[in-house]
Number of protein chains: 2
Amino acid sequence: MPKVGMEPIRRAALVQATIDEIGASGSLDVTVSQIAKRAGMSSALAHHYFGGKEQIFLAAMRHTLAVYAAEVRGALGMADSPRTRIEAIVRAGFGTTNFRREVVSAWLNFYVLAQTSGEAGRLLNVYQRRLHANLLYNLRPLVGDKAEEVAQRIGGLIDGIYLREALGTKTTNGSKATAMVLAALDLELGQGK
Amino acid sequence: MPKVGMEPIRRAALVQATIDEIGASGSLDVTVSQIAKRAGMSSALAHHYFGGKEQIFLAAMRHTLAVYAAEVRGALGMADSPRTRIEAIVRAGFGTTNFRREVVSAWLNFYVLAQTSGEAGRLLNVYQRRLHANLLYNLRPLVGDKAEEVAQRIGGLIDGIYLREALGTKTTNGSKATAMVLAALDLELGQGK
DNA sequence: TTTTTTGTTGATTGACGAGTCAATAAACAA
DNA sequence: TTGTTTATTGACTCGTCAATCAACAAAAAA
């Protein structure tokens, strides 16, 4: 049965299974066996390819962050003004790829992981800094030296909406969430009332 | 050594130790033994008084929420206008009692717990609903029928700032956090620019 | 004083899970 | 063909942990 060149396929399957399993169970308390089973292989194979549980988690996190980053980059490419670029960032964050319940739940758990795993913390920091830098850069032409605090508020609001989605009371769909942040943005830009 | 009337003391010690332990370790992966040790007793005694780990967690969560609620209630009592009442809510949330790193970390983990434990989810829902209702009620006289969406945004921002504190990059102190939310509030009330 | 209730723990049980290993098998290289 | 690399797993080890239990101690009730 053994084919050759399985490694990348297995790795990808494990990464996806990890995100799904964490998302579905809503907790980092998933066993390697569960993940491996979902990915259609034995737990021994998971260990073979990744070496250990932590590395599986980190790979899953990297993937999640990479998908998000790619989405943002793609959206930014289509935008040509500061305002539309900020909109792009927001829309990408709440797009259907990232804003499904399981994915958000996985995110939340990555935040928890970041509290104990140095590497996970570093990864999350990179994401946060990038988001902040993006917002800041595009806000500067719009609000000048207020950009820093505005970026802080918009970024905080985005994270907060994610958190609330994870708890999952209100089934805020993505476009509603986007609208909420953009409304706040309008206010910040002094166009609202 | 056994004194009488220990039950409430032991329970309180265990609850506090649970919060501290979760906060310190940044994870729900704390053992009953760790908690019991921190509270100065054997793990068997912890089981004796609470019956099981989950119930210890729930008691700790109830306590955290109760402390928060008490703080808000206290602050509200001193305020007499909608605007100051909203300020009171915000200030209470970021007061020194609730906004210490370990406590915030414990909160974050309670969010995770809420994803798997029905009872924990219910508790957190009560808190969220209460916060929302408080904001809504006091925003109504200030912004009329926009109150709903404004409450959503302010509440989201509060949660987001908590989340960022948990990650702990920026050591946002409480007053800075308060200022940030109040600035957003001013914008919403159309007084900013 | 005896009995019961309350407080307390060390030792044990039973389950579960991460990680290892030896064995098997297909593909590929020599 | 034969040896080597890659893929794969079932079985096993070792540790950990929640939960239980038997036993002991002190206070209160009888």
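So that the names make sense, note that chain A is the first sequence line, chain B the second, and so on, each numbered from 1.
Side chain of A/Met41, nearest nucleotide from D/dA7, D/dT9, D/dA18: D/dT9.
We find that A/Arg100 and A/Asp20 are not joined by a salt bridge, their nearest charged nitrogen and carboxylate oxygen being 4.0 Å or further apart.
Residue B/Tyr49 places at least one side-chain N or O closer than 4.0 Å to OP1 or OP2 of C/dT8. Proximity of B/Arg10 to the phosphate of C/dT8: a side-chain N or O atom is located under 4.0 Å from OP1 or OP2.
Along DNA chain C, the nucleotide closest to B/Ala44 and the one closest to A/Gly51 are compared, and the more 5′ of them pairs with B/Ala44. Annotation: of the two residues near DNA chain C, B/Pro8 and A/Glu54, the 5′-most nearest-nucleotide partner is B/Pro8.
Residue contacts for A/Ser42: at a heavy-atom cut-off of 4.0 Å it reaches a base atom on one of the strands shown.
Between A/Met6 atom CE and D/dT8 atom P there is a gap of 6 Å when expressed in whole angstrom units. C/dG19 atom C1' lies 14 Å from atom CD1 of A/Ile35, rounded to whole Å. The distance from atom CD1 of A/Ile9 to atom P of D/dT8 is 9 Å, rounded to the nearest whole Å. Rounded to whole angstrom, the span from the NE2 atom of B/His47 across to the P atom of D/dA22 amounts to 17 Å. Whole-Å rounding puts the B/Leu14 CG to C/dT8 C1' distance at 13 Å. Atom CD of A/Glu21 and atom P of C/dG17 are 12 Å apart (whole Å). In this structure, A/Asp29 places its CG atom 12 Å from C1' of D/dC17, rounding to the nearest Å.
A side-chain donor-acceptor contact under 3.5 Å links B/Lys53 to the backbone of B/Val30.
A donor-acceptor contact closer than 3.5 angstrom is absent between the side chains of A/His47 and A/Gln55.
Environment of CD in A/Glu54: sparse, with no more than 12 heavy atoms of neighbouring residues, nucleotides or ligands closer than 6.0 Å.
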